[in-house]
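Working notes for the structure below.
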There are 2 protein chains.
Amino acid sequence: MSGASDKPNLLIFHGGGPTPVINASLYGVVREAVDSGQVGRVLAGVHGVPGVLADRVVELDRLPDDALETMRVAPGSAIGSSRHKLTDDDKAAVLSFCRRRNVRWLLGNGGNDTMSNCHDMHEAAARSGQDLAVVGIPKTIDNDLAETDHCPGYGSAARYLAQAAHDLCCDVSSLPTPVSILETMGRNTGWLCASTALARTHEGDGPHLIYLPERAFDADRFLTDVEDTVRRHGWAVVATSEGLVDAGGSSIAVAASTVQTDGFGHGMSGGVASVLQDMVSGKLGLRCRYEKPGLLGRASTLHVSDLDRREAEAVGRKAVRLALEGQSGVMVTILVERNPGYRWTTGTAPLARVANIERTMPPEFLSPDAADVTEAFLDYARPLLGGELQRHQHVRRLP
Amino acid sequence: MSGASDKPNLLIFHGGGPTPVINASLYGVVREAVDSGQVGRVLAGVHGVPGVLADRVVELDRLPDDALETMRVAPGSAIGSSRHKLTDDDKAAVLSFCRRRNVRWLLGNGGNDTMSNCHDMHEAAARSGQDLAVVGIPKTIDNDLAETDHCPGYGSAARYLAQAAHDLCCDVSSLPTPVSILETMGRNTGWLCASTALARTHEGDGPHLIYLPERAFDADRFLTDVEDTVRRHGWAVVATSEGLVDAGGSSIAVAASTVQTDGFGHGMSGGVASVLQDMVSGKLGLRCRYEKPGLLGRASTLHVSDLDRREAEAVGRKAVRLALEGQSGVMVTILVERNPGYRWTTGTAPLARVANIERTMPPEFLSPDAADVTEAFLDYARPLLGGELQRHQHVRRLP
């Protein structure tokens, strides 16, 4: 059952939503494992841990080079993913799978829920004395993992949103439908929505207002701000995170009928933009529409940040090296030195300091007195886009 | 007041929503007018006819080459646009402007409402005996103008939507949130939404179901179809036009509170996808979300069809040539010969046969027994994308 070689095998699984570069990390894992000469099979659970539990695995080391290169740049998760919290029975079943299939290295790629699963597997293996190194590979467009400067996937999603906000401003400023609300993903943290600020090209350009979950939403202030913006510029583009809450901590999103929960019990919110649209058209009498690209923001490979893709591959490679060294219970991190320039390398952090922790935006990234971000945030995020956006200027603004 | 030369001047205005290539048509107009040697100033109304009425015009012939090239590829409308139906007073005021500023050629770029304005100006000039040639330049992502094979702007918006649907399918098939609804623009016609069918790369790929305004929406049939699709494939991507109606002709979109009207009295619909989402989650108990890229589908220059941009420039140039020949009351059309290959040229049609007419999808493009389009539609639309999409394949589908 252990494949063509008697060398121990490596097993990888994906958890949570894909990013535009998740398969670049997977590519890094396969390349590094094969190149090491120490790994037998590179097994991947199809659709996450549930695939492992059902013995549905594929052998990625058998893929021909052209298939690997095809995989590297595909959106979605090439091996599928899941949102599955491991029960005690699941942990025992995964350990059993690893003994049966001679798996000595287990890699999990995902966000904080997946890091929680990895941490649990690390502890379960240690408790039972099974020789299994468990290493986490960071991944989330939400950018909310602790201990790392940023998360693979964020730079590309930020690039998508910044370009989208720029394009949207070009369109909305053309026409007498003065207000557009751009809703971004990011349930409890504002990193994604904040990246729309990188769209601005000139004084007075949008997005003019940016609403993040880290700040209580005040409807009266919002209406005043929109009205002021339209009065000043003739139009307004507003960016909002999907997960706004009011001062009492209640979601401002629509009816309970659309609120669903995932396998971790997290609410799936949505509809914030349509609530804001109704407020603007109803209370201010302004023509208003909304755009909600949703998953397109993490599936569009036309907007991938080259830097993000290189970093994603690197964290996959690093995870294999750590595991082969026998390190376990750690996640790969990205360490950055900024200003001047941008220099990155990979590091490690204990899974215990990452699992289940959601990193919100720090106060120094939030404007103290406006619905906006600070220069410090722009300096943080700008290099992650991996290069300049496709920027345009209109004749009505030309000198 | 007639500028540096005593040659007569040309005036252009934009009407309605921009396309990703509207400024390529504008570029064609400026280049052709300047190259002809017969035109003095190329004047443009800022934000449409209302700009002309307020004497807010820019002189595009004065733009340096680099500014013209910048303009050519920008999203939005470089000179602004409006949705303004001409009153009798407006027509007289435009004629007066043209006399005052020595304008002998008037070009309007837009959809059927703008062609109606052009037709009205042509008749007003003829009635008053004023020497003014009025020519329409077709433009609409909706692709609903009569007398032309297709409309500039459609190919690029179709390319955006087909790529978006493909990327979305890669993402949704990765995860156990099995249903996503992709809402497209297209108020009364299904051309835009239909283009998502070009995303499919293999048997069983999405979008699995496509709902168009040309067909009455049947909620029971919809739920059965979604349930069947998820049972067969494990996931479903559904494309829907923003303007679905039921058998009684009523919009299935949300509350009247979000329904606004534009200057032509057309309703602005929205919210169809969220209604369908509620049906799928409420009635079928399936996890469902929706994506609504909205204006991003006509503002993203990363998705422009090269063919579309070339055709857009050509119709702008042709409009100038027709006007200089003294033709009036006509719109430029695109004539196409298909199968084998794709060969296009420009033609003309009387504005009277275009104004206010909305071309819906013909029956032969609609699948008789499924929520889908026909091969005949795919053959029609495929060349308009201007080349293959960025297509991806997943390891879990590799041989």
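A, B, ... follow the sequence lines: proteins, then strands. Residue 1 opens every chain.
Taking each heavy atom of A/His47 and B/Leu175 in turn, the nearest pair found is CE1-N, 4.1 Å. Nearest heavy-atom pair across A/Cys170 and B/Pro75 is CB-O, 3.6 Å. The minimum heavy-atom distance linking A/Asp167 with B/Ser300 is given by the pair OD2-CA, 3.5 Å.
Distance check: A/Leu296 CG to B/Glu291 CD gives 5.5 Å after rounding to the nearest 0.5 Å. We find the OG-CG distance between B/Ser81 and A/Asp171 to be 9.5 Å, quoted to the nearest 0.5 Å.
No part of A/Met279 comes within reach of chain B, as not one of its non-hydrogen atoms sits under 4.5 angstrom from that chain.
A distance-only check finds a donor-acceptor pair linking the side chain of A/Ser174 to the backbone of B/Ser77 [under 3.5 Å]. No donor-acceptor pair closer than 3.5 Å links the side chain of B/Lys292 to the backbone N or O of A/Pro293.
Chain B forms the most heavy-atom pairs under 4.5 Å with one residue out of A/Val73, A/Leu168, A/Thr301, A/Leu182, and that residue is A/Thr301. Comparing B/Gly294, B/Gly17, B/Pro18 by how many heavy-atom pairs each has under 4.5 Å with chain A, the most go to B/Pro18. In terms of heavy-atom pairs under 4.5 angstrom with chain A, the leader among B/His303, B/Arg298, B/Gln163 is B/Arg298.
Evaluation of the salt bridge (Lys or Arg N to Asp or Glu O under 4.0 Å) test over residues 12-28 of chain A, restricted to residues two or more places apart or in two chains, returns none.
By the side chain to side chain contact (heavy atoms under 4.5 Å, CB included) test, A/Arg391 is found to be paired with A/His166, A/Thr201, A/Glu388, A/Leu389, residues two or more places apart in sequence or in another chain being considered.
In summary, the side chains of B/Thr70 and A/His392 do not present any donor paired with an acceptor at a separation below 3.5 Å, with no hydrogens or angles considered.
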